[in-house]
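Reminder, nothing fancy here: chain letters follow the sequence lines and each chain counts from 1. None of these values were measured; they are calculated from a predicted model.
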Amino acid sequence: MDTHTSSSPSAANAKARPEVRYDPAEIETRWQARWAAQPELYAAEPATSRKPKYYVLEMLPYPSGQLHMGHVRNYAIGDALARYMWMQGYNVLHPMGWDAFGLPAENAALKNNTPPREWTQKNIAAMRVQMDRLGLSYDWATEVTTCLPDYYRWNQWFFLRMYERGLAYRKKSKVNWCPECQTVLANEQVINGYCWRHEETLVEQRELEQWFLRTTQYAQELLDGLDKLDNWPERVRTMQRNWIGRSEGATVGFAIEGRSDVVKVFTTRIDTIFGATSLQLAPEHPLIRAFADQDAELAKRVAALTDEQNHARESGDVGGIEKHGVFTGHYAVNPFTQERVPVWAANYVLLDYGMGAIMSVPGHDERDYDFASKYGIAIKRVIREKEPGEAPAPLPFASEDAVLVDSGEWTGLSCAEAQQKMTAFAKAKGFGEATVTFRLKDWGVSRQRYWGTPIPMLYCAKDGIVPVPDDQLPVLLPEHVEITQEGGSPLAKLPEFVNATCPKCGGPARRETDTMDTFVDSSWYFYRYTSAKDDTSPFDTNAVAYWFPIDQYIGGVEHAILHLIYSRFWTKVMRDLGLIRNDEPVARLFTQGMVIKNGAKMSKSKGNVVSPDEMIAQYGADAARMYALFAAPPDRDLDWQEDGVAGVSRFLARVYRFVVRHAELARSASRASAEASPAATMLLRKLHQTIRKITQDFGGRWHFNTSIAAIMELVNELTAADAAIAEGEVAPATVASILESLVLMLGPFAPHLAAELWEQIGRCDGVLRHAWPKFDEALAREDEIEVPVQINGKLRSLIKVSVDASRETLEASARADEKVQSALAAKTVVKVIVVPGKLINFVVR
RNA sequence: GCGAAAGUGGCGGAAUUGGCAGACGCACCAGACUUAGGAUCUGGCGGGGAAACCCGUGGGGGUUCAAGUCCCCCCUUUCGCACCA
């Protein structure tokens, strides 16, 4: 590469002088090759390091074979942070891996006749190349690939530990079935009745034997823990709180007339029980079934209700359907009043929440009111406002800031008090108790698919369900399997897989053929990074103790519930197994915005997908990454505009030319303290303001768009001073130090260019391990500023004053200003507001 | 329906604490150089007006010397939740 001559070009002839062109492709491939040759560059020091640790993590991708812009944005943020923290002297763990199990591999196998493993590994290789082309600072020695036995064996190991503790269990239940995936989905994976992967596919209900993980056992702790996660976005915490859905109330048993059964209902408003005028049961409630068994007409009408519920669920409008119900002809007895209340089946009562049955209090619940009005069921008032007006509040009246009326011995109590006392009464009499319910359900992890972790269980005719012993792990996923689109796991058709030996009796046993939900893989992968090669345990406990919790996790908000709640659950289980000490996996969570184009999320169907490869080929990785950070603050949606990338690329070219132009000067500069000239003072001031700004952005708001804008401002000022620098008006040592700081600040955003320029200015120690520049407040300080002068709040003039000018000086200078004087002429000054360093405002009449 | 976030030039966005609205970039306009280029450099660029000035941060009101920023009402968009008893 030809460097320019050492004769200092003046600004006048700069235009004519041939300059070195910024060639990002050449620079980037050269540096990527150098980095590839020194893998230790991005390796973390061991857990015994004395340095403070920093674990920065981006969500691992599914190896689809193609990085998209959302990934680029995610990794640009994480990479900038990792590099910055290295430069701040931290021991940084910055790993990457592959969420490599899952359905697309099977679909691809069907389409291209390629085995899922081969397809997946090919994609991983391709995406690895893309990541390297972006110059990302991952420690590939800790790479985790979840579809490899050395990883998924630990899924199996954890599953066995959970089974031993009763946290993994099998039950038959109604499950969500996606006809497209041909498998069961967890509740979390059903979005408004549709499959989370197939937005067009309605989820059906099926009855199946399934493996569950007892997430409900940790419901309370998962909820409480959210309060402590104050470095998580409030939005995410709210979503998780809603999802967990804790509700405090009471269960009350209503005896059924003419039967020995008691129907239990869950209510948060036991204080309104004197107003209960019917019981409403879910259509599939066992008691309704029992009634229907003896009444064909009822059975028919109840079935219609069930259908309505299913349709509503499938169409995603559960709240919108009209309330329907059927009177069963049976009565129950209100244990508080001994009144007979009719028992109904209603389509608005859900089987899987609470007890699947409610007491209907139409006077004080809007839904019950609608229902009772429609069917002519009695509506009673049993509470009223504390300070009643002339007329009591119209029904339905659901406030809890109220007192009881017509409620026997509880009349006159406040709702809160009544809830407590009536619950205690029910408990004492043995027909009820305080109850907390959660919306969160146990996690159904069975999937009737091939490409996942085999569930390590056996079924023996003699011994029943038998876990695979640890020493037989991993249960390997067979390699050559015919994938079909029919239901059921393809593994079930492989006798060599299914047929096993019972470890207890030595007799024949059948192997479980379901595989695990892939969310199992991502629930603990970040622990594995700390000791990815460990083949005797899932991870090294000491390494985890050092690195955890994750200091910064970065990813899309779409994982706010699923992945992040499962991960929290898994962490708590591992803690209770004695493997780790932290209660939470992630100390700080950052959710980045989406990448959109022309106002819509990038997608194939919309035809607005921008390929990272093309961007890199055309503008370079540095420009693509920097644009991803420059175009919007990272938490907001980003509108991808190719012209903007071109602009960033032009900026980098300008930096490149500027630094190269003065590289020789910087290389030969002596380190002796430089003489301050006006030009130097000005440039140093801008430099230190820029360092301060960027340092504060990293430590605070992460508005890298303004960090980059600040670097641009600095470069604008430097290039404007090009002639002054060339003519020696700035001491060489000062030029050298400015160039160094500039290049260092580019490090997190444009690592290839920074590395290249660092060498060009004669440094051979590498940017990454060099200390981040420090700002000097004294140098950053302006000594003269322009202060606006307002008259009645309108800008009339600007005056130049020293930064620390006193109020008196400010006012005097303002009054001395020509424009101000003419504006003040013939006016009476009523008041003068002087805010030192900010403004002066004359209030006049 | 409930909850949250957002709404600023032609566009992406800036204004961190109530203090010059529009930093930085894109697009555009004018000019320079010219080996004519999707390169580089210089200047301009919210609207109106010749100018002085006036208007301007979704709309309306308010507080204040001063409001994009605080308060009240409304509109729009996005996201989350939605018969949860």
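When heavy atoms are screened at a 4.0 angstrom cut-off, A:D637 is found touching the sugar-phosphate backbone but no base atom. Counting non-hydrogen atoms under 4.0 angstrom, A:Q240 reaches nothing in the nucleic acid.
Between B:G22 and B:A30, the two C1' atoms lie 22 Å apart (nearest whole Å). Separation of the C1' atoms belonging to B:G60 and B:G10 is 28 Å when rounded to the nearest angstrom. For B:G9 and B:A23, the C1' atoms lie 14 Å apart once the distance is rounded to whole Å. Look at the P atom in both B:C55 and B:G61: the space between them is 15 Å, to the nearest Å. Remark: the separation of the C1' atoms in B:C20 and B:G80 is 40 Å, to the nearest Å. Rounded to the nearest Å, the gap between the C1' atom of B:A4 and that of B:A67 is 24 Å. On the P atoms, B:A36 is 30 Å away from B:G44, given to the nearest whole Å. A distance of about 12 Å separates the P atoms of B:U57 and B:A21, rounded to the whole Å.
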Donor-acceptor pairs are to be reported for all side-chain atoms of residues 262-269 of chain A against protein atoms at under 3.5 Å, with residues two or more places apart or in another chain.
residue : atom : partner : partner atom : Å
A:T267  : OG1  : A:R269  : N            : 2.8
A:R269  : NE   : A:D271  : OD1          : 3.1
A:R269  : NE   : A:D271  : OD2          : 3.3
A:R269  : NH1  : A:A398  : O            : 2.8
A:R269  : NH2  : A:D271  : OD2          : 2.9
A:R269  : NH2  : A:S399  : O            : 3.2

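Put simply, CD1 on A:I711 is 16 Å from P on B:A14, counting in whole angstrom units. Distance A:Q419 CD to B:A85 P: 12 Å, rounded to the nearest Å. Between the P atom of B:A85 and the CE atom of A:M355 lies a distance of 13 Å, rounded to the nearest Å. B:A66 atom C1' lies 10 Å from atom CG of A:N792, rounded to whole Å. If you take NE2 of A:H559 and C1' of B:C79, they are 16 Å apart, rounded to a whole angstrom. Remark: C1' of B:C79 and CZ of A:R636 are 14 Å apart, rounded to the nearest angstrom. Distance NE2 (A:H324) to P (B:C83): 17 Å, rounded to an integer number of Å. Note: CG (A:D352) to C1' (B:A85) measures 13 Å, nearest angstrom.
Residues in residues 791-803 of chain A take part in these side chain to side chain donor-acceptor pair (under 3.5 Å) pairs, two or more places apart or across chains: A:S797-A:D817, A:S802-A:D804. Applying the side chain to side chain donor-acceptor pair (under 3.5 Å) rule to pairs touching residues 639-648 of chain A yields A:Y619-A:E642, A:D639-A:Q641, sequence neighbours excluded. Applying the salt bridge (Lys or Arg N to Asp or Glu O under 4.0 Å) definition to pairs two or more places apart or across chains, none involves residues 822-838 of chain A.
Annotation: salt bridge (charged side-chain N to carboxylate O under 4.0 Å, His left out) contacts of A:E713 (sequence neighbours excluded): A:K686. Remark: A:T306 engages A:P283, A:E284, A:V302, A:N310 in a side-chain contact (heavy atoms from CB on, under 4.5 Å) (not counting sequence neighbours).
Applying the side chain to side chain contact (heavy atoms under 4.5 Å, CB included) test between A:V655 and each of A:L746, A:L718, A:L714 identifies A:L746 as the sole match. Checking each of A:F630, A:Y627, A:F698 against A:F704 for a ring pair (Phe, Tyr, Trp, His ring centres under 6.0 Å) leaves exactly one that passes, namely A:F698.
RNA chain B lies under 4.0 Å from at least one heavy atom of each of the following residues of residues 230-239 of chain A: A:R235, A:M239. Annotation: proximity of residues 687-702 of chain A to RNA chain B (heavy atom, distance under 4.0 Å) is found for A:K693, A:R701, numbered in ascending order.
The aromatic rings of A:F431 and A:F336 stand perpendicular to each other, their planes meeting at an angle above 60°, with 30° marking the opposite boundary.
A sub-4.0 Å separation between OP1 or OP2 of B:C41 and a side-chain N or O of A:R657 is present. Between B:C65 and A:R796, no contact under 4.0 Å exists linking OP1 or OP2 to a side-chain N or O.
When side chains are defined from C-beta on, A:H364 does not count as touching A:P396, because their heavy atoms never get closer than 4.5 Å. Side-chain contact between A:L589 and A:N231 is absent, with no heavy atoms from C-beta onward closer than 4.5 Å. Taking the side chain as every heavy atom from C-beta outward, A:L824 and A:I791 approach each other to under 4.5 Å.
Classification of B:G9 as syn follows from a glycosidic angle within 90° of 0.
Here the nucleotide nearest the side chain of A:K794, chosen from B:C41, B:C81, B:C54, is B:C54. Checking B:G13, B:C65, B:A85 against the side-chain heavy atoms of A:F266 singles out B:A85 as nearest.
By the 4.0 Å N-to-carboxylate-O rule, A:D722 lies close enough to A:R661 to be salt-bridged with it.
Annotation: A:R235, atom CZ; neighbour count of heavy atoms from other residues, nucleotides and ligands within 6.0 Å does not exceed 12.
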Query - Secondary structure of RNA chain B in dot-bracket form (Watson-Crick or G-U wobble, distances below 3.5 Å, | marking inter-strand pairs) - result: (((((((..(((......[....))).(((((.(..)..))))).(((....)))..(((((..]....))))))))))))....
With the criterion being N/O to N/O and under 3.5 Å, what pairs connect the protein with nucleotides 18-24 of chain B, and how long is each?
residue : atom : partner : partner atom : Å
B:A23   : O2'  : A:E713  : OE2          : 3.0

Could you run down the sub-3.5 Å N/O contacts of the protein with nucleotides 26-30 of chain B?
residue : atom : partner : partner atom : Å
B:C26   : OP1  : A:R650  : NE           : 3.4
B:C26   : OP1  : A:R650  : NH2          : 2.9
B:A27   : OP2  : A:R650  : NH2          : 3.3

Atom pairs, N/O to N/O, protein against nucleotides 42-52 of chain B, distance under 3.5 Å?
none

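Annotation: A:Y348 is in aromatic contact with A:F371 [ring centroid separation under 6.0 Å]. For A:Y375 and A:W344, the distance between ring centers is under 6.0 angstrom.
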Requested in this report: Starting from the C-alpha separation in whole Å, work towards a yes-or-no answer on salt bridge (Lys or Arg N to Asp or Glu O under 4.0 Å) for A:R781 and A:E777.
Outcome: CA-CA 6 Å; A:R781 202 174 116 98; A:E777 280 293 354; over 6 Å; no
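How far CG of A:L795 is from NZ of A:K819: 8.5 Å, rounded to the nearest 0.5 Å.
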